[in-house]
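Read the numbers this way: they start at 1 and go in the same order the structure lists the ligands and their atoms. Because only heavy atoms are used, hydrogens play no part in the values below, and waters and symmetry mates are left out as well, while side chains stay in. Nothing fancy with the numbering, it's 1 onward along the sequence.
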Amino acid sequence: MGDSTALINQLDAHLSLFSYIDGYVPSSIDPSVAAALSSKEVAKHQYVARWHAHIEALVNENEESFSSAPQTSFAQQLLKQFPVKQSTNTKMVASGDSSPAVTDLPQYILHQLDNGEEVSSLELASRLSIDHQKLIGAVKSLLSHEGVIATRDITEKRVELTKEGEDFVENGSAEYRTFERVAKEGGTPQNEIMKESYGKVGVSKALAAGWISIDKSAGAVTVVRKVDSAVDAVAEQLKALKVGDETKVDEKSRTELKKRKLISEVTIKAVVLSRGPSFTTTLEKPEADLTPEMIASGSWKTTTFKKYNFDALGVQPASGYLHPLMKVRSEFRQIFFQMGFSEMPTNQYVESSFWNFDALFQPQQHPARDAHDTFFISEPALSTKFPADYLERVKTVHSKGGFGSDGYNYDWKEEEAQKNVMRTHTTAVSARQLYKLAQEGFKPTKMFSIDRVFRNETLDATHLAEFHQVEGVIAEKNLSLSHVMGLFREFFRKCGLENLRFKPTYNPYTEPSMEIFAYHDGLKKWVEIGNSGMFRPEMLLPMGLPPDVNVAGYGLSLERPTMIRYGIDNIRDLFGPRVKLEMIYNNPICRLDKKDD
Ligand code: PHE
C-alpha cells in the first residue's frame, strides 16, 4: 500500500507538468491506469484528478482508439507509464490496438438495446470480447445524450485466474506435469523431478491423487507411476472458469482452487443498460462550439449542443499581474511599516460632510465644499448618525469658537454636515481614527493609509476625477515642527528623495502648513511632492485629545511617483478604460530608488 501511495504522489507531481490544453498525448495504457485508480485516491491529488478527467473525456470521444489494457498490476502500469511524452499534437495515439473492429462502440450498444431488452455491461463486453472498462467509457458517452439510455448499477462477483492458474491452463497442473515427467518404465529419481518448477507441489499432489508412489528399495529415492494414465481435472476446471463456464465446477472444487491460490474472486462494478425515454439508434453528434455562422444563419436554435462541463479545469494562467499603482503602493506600505506606522481602514468611499469637512474645521462656506469640487451623493443623500456630544463641540468651535479660538463666527448647520460625498481626501479617514484614538485613551500613534479619493476635476493629461492618496499621521505629546520635518526627511529618503524643501501654505485644518518639495534630478528642478501640516487645536481638542498632544499629517498622490517611476506622461495610460494590458504585463516590479537603510 505504501508503494502505491508513493507512486500516486509521484504521478501527481509528474502530471503537474502538463497542460491539458496544448497537448497531452495519452498512450493506450492511460485509460486502464485511470480506471485502476479509486475515485477517492483521484480526488486527493489535484493533477491526477485533472488528468483523470481529461482521459475520461478522451475515452468518451475516442473509445475505439484504445486497446484493452494488459493485465498488469497498478504499480507496474504506472511504472511503465513514466515518462509520458508531451507533444503539441492533441490527436490520440492508438498503439497496439488489438480489440476487434467495432469502430463505433456507442452505436453498437444502441443496436443491442433496440429490441427493448436489458443487458449488462459485462455481458456486452464479453460479447465483443473487449475490456469492460472500455465499454463503460462508451456507456458514459451515451449518458451525455440525455434520456437515450438508462442505467442501473450492479456489482458482480467474478472468478479470475491467478498467474499460477493461467500457467496451469497453458501447461497443465503441477501434479499432471509431474505424472507426465515420471518415466513409464522404472520411474524417475525424485531429486530430478524436484528440480522442476512444479516439482514440489506436483509430487505431493500426485501422491495424494494416487497417481504415483515413492520407491526407496534401490537405495536412491525413485518416483514411479501407479496408474497408466491420469486426467488433469484441475486444468479442465480452470479452463472452464476462464471462459465463464462456472456451472462446470462444483463448490468443493472451487474452494480447493481458491485454497491453492489458482483463482481469486473479484467484485466488478457494472451497469445494466436499457432504453431511455428518448431512445434512438441514430445519435446526433452534439456541437461543441457556438460559431458566428450558427448565429448568423439562426441554425443554433435547432442545434444540439454538448453539455457544459463545469468541472473542467481551465488553462492555468502563468501568473497574475499587479498594476503599477499597486506595485508602488506596496513599496510605500513597506516604508510605512518599517517606520512603525500601522494601516488605517479605508474601505469607505462614501463619507459624510461631517467627517470629510466639519470635523476638520473646514467652514461650511469653504469653496472646496462646492459641487464643482466635490461629488455629492443623491441616494442616500444624508448621514444622520454622529456622536452627539462631539457634534455639539464641532458646532460650537465653528460658530462660536472655544479652546482658545474665536471660531469662524457663522451659523453652523447640521443639515450641511449630513450631506454625503465621495470622500475628497483620506484625511477624512484620519479624522475618524483620531477621534477613535481620543475615545479609547490617547497613546502615541503613527498611522497611514493609501487609497482612493474623488474630486470633481476637469479631466486632462494629469488629472482624473479619482486618484489615490498616500497619507501619514503622527500623534505624539509635545511634537515639534522640526521633529516632524525630520520624520518627513526620513520617509522621503527611504523613497529615494534626499533633497527636501518646505514652503508655507494654507490648509483649513493645519497650522502651520507646508508644501513639501523635492529636487528632481531628471527634470533639474524642484517639484512639489506633498502637502503637510500640524493639525489645528480646533480640530483635535473637540475630539477629546489631551491638550499637550500634537498631531502632524502629510499627504501625497500615488499616481505622481508611479508616473515618474514608469515614465508614463498621460494619466489615462495609467488608469481607466484606455489602459493597455501589455503595459501592466510588461512593467517591471517597482523599487523606489532606495538608499541603503
Ligand atoms: N488632505 C491633504 C490633501 O488632500 C493632505 C494633508 C494631509 C495635509 C494631512 C495636511 C495633513 O492634500
Side-chain angles (χ1 to χ4, degrees), residues 332 335-336 339 341-344 346 348-349 351-363 366-370 372-375 421-437 445-457 462-476 479-481 483-489 491-492 495 500-518 527-541 543 545 549-561:
F332 277 124
I335 292 170
F336 276 119
M339 294 180 69
F341 282 73
S342 54
E343 195 162 15
M344 295 185 258
T346 50
Q348 197 178 318
Y349 289 170
E351 189 52 276
S352 60
S353 291
F354 179 78
W355 288 108
N356 196 79
F357 298 122
D358 295 281
L360 292 165
F361 198 52
Q362 192 147 325
H366 193 280
R369 294 201 182 198
D370 198 284
H372 291 295
D373 293 309
T374 302
F375 291 114
V421 300
M422 297 298 284
R423 73 175 172 221
T424 63
H425 53 184
T426 44
T427 316
V429 178
S430 301
R432 277 182 180 270
Q433 289 307 116
L434 286 169
Y435 173 74
K436 191 163 166 252
L437 180 67
T445 303
K446 288 187 276 191
M447 311 179 279
F448 78 96
S449 65
I450 307 175
D451 209 343
R452 201 170 291 193
V453 299
F454 307 84
R455 289 185 195 172
N456 199 350
E457 305 247 18
T462 51
H463 291 89
L464 291 179
E466 57 192 287
F467 65 100
H468 295 78
Q469 276 191 333
V470 180
E471 175 153 328
V473 170
I474 308 105
E476 179 69 272
L479 191 65
S480 75
L481 190 64
H483 182 180
V484 170
M485 285 161 78
L487 201 130
F488 291 166
R489 286 190 195 283
F491 176 84
F492 286 103
C495 303
L500 291 193
R501 272 185 188 172
F502 300 95
K503 179 181 149 188
T505 185
Y506 170 78
N507 291 314
Y509 38 89
T510 54
E511 181 59 35
S513 309
M514 304 178 294
E515 278 174 354
I516 307 172
F517 283 75
V527 292
E528 194 207 324
I529 51 169
N531 179 11
S532 69
M534 305 290 288
F535 287 113
R536 299 184 72 106
E538 290 96 328
M539 165 183 162
L540 301 178
L541 294 175
M543 288 177 169
L545 284 165
V549 166
N550 303 110
V551 182
Y554 64 114
L556 49 142
S557 94
L558 182 63
E559 278 74 1
R560 190 104 169 246

Please list, one pair per line, the donor and acceptor atoms closer than 3.5 Å that link side chains of residues 527-541 to other protein atoms, with sequence neighbours excluded.
{"residue": "Asn531", "atom": "OD1", "partner": "Asn507", "partner atom": "ND2", "Å": "3.1"}
{"residue": "Asn531", "atom": "ND2", "partner": "Asn507", "partner atom": "OD1", "Å": "3.1"}
{"residue": "Ser532", "atom": "OG", "partner": "Met514", "partner atom": "O", "Å": "2.9"}
{"residue": "Arg536", "atom": "NE", "partner": "Glu538", "partner atom": "OE1", "Å": "3.2"}
{"residue": "Arg536", "atom": "NH2", "partner": "Glu538", "partner atom": "OE2", "Å": "3.4"}
{"residue": "Glu538", "atom": "OE2", "partner": "Ser405", "partner atom": "OG", "Å": "2.8"}

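Enclosure of atom NE2 in His372 is not indicated, since only 12 or fewer non-hydrogen atoms of other residues, nucleotides or ligands lie within 6.0 angstrom.
Here the heavy atom of the protein found nearest to atom 12 (O) of ligand 1 is Asn531 ND2, 3.4 Å. Here the protein heavy atom with the shortest distance to atom 2 (C) of ligand 1 is Tyr509 OH, 3.2 Å.
Comparing heavy-atom distances from atom 9 (C) of ligand 1 across Pro508, Ser557, Ala431, Gly553 singles out Gly553 as nearest.
Residue Met534 does not touch ligand 1, judged by heavy-atom distances below 4.0 Å. When heavy-atom distances to ligand 1 are checked against a 4.0 Å cut-off, Ser532 comes that close only through its backbone atoms N, CA, C and O.
Tested against Thr424, the residues Thr374, Asn356, Asn456 include a single side chain to side chain donor-acceptor pair (under 3.5 Å) partner, Asn356.
Ligand 1 has a nitrogen or oxygen under 3.5 angstrom from a nitrogen or oxygen of Gln469. An N or O contact shorter than 3.5 Å links Thr427 to ligand 1 by distance.
Of all the atoms in ligand 1, the ones that sit under 4.0 Å from a non-hydrogen atom of His425 are 1 (N), 4 (O). Every atom of ligand 1 is numbered from 1 in the order shown, and the set under 4.0 Å from a heavy atom of Glu471 is 7 (C).
Counting heavy atoms from C-beta outward, Leu556 and Phe332 have side chains that approach closer than 4.5 Å. The shortest side-chain heavy-atom distance between Leu437 and Met543 does not fall under the 4.5 Å cut-off. Looking at heavy atoms from C-beta onward, Glu559 lies out of side-chain contact with Leu464 at the 4.5 angstrom threshold.
If you take CD on Gln469 and OH on Tyr554, they are separated by 13.0 Å, rounding to the nearest 0.5 Å.
Ligand 1 is approached by Arg455 to a heavy-atom distance shorter than 4.0 Å.
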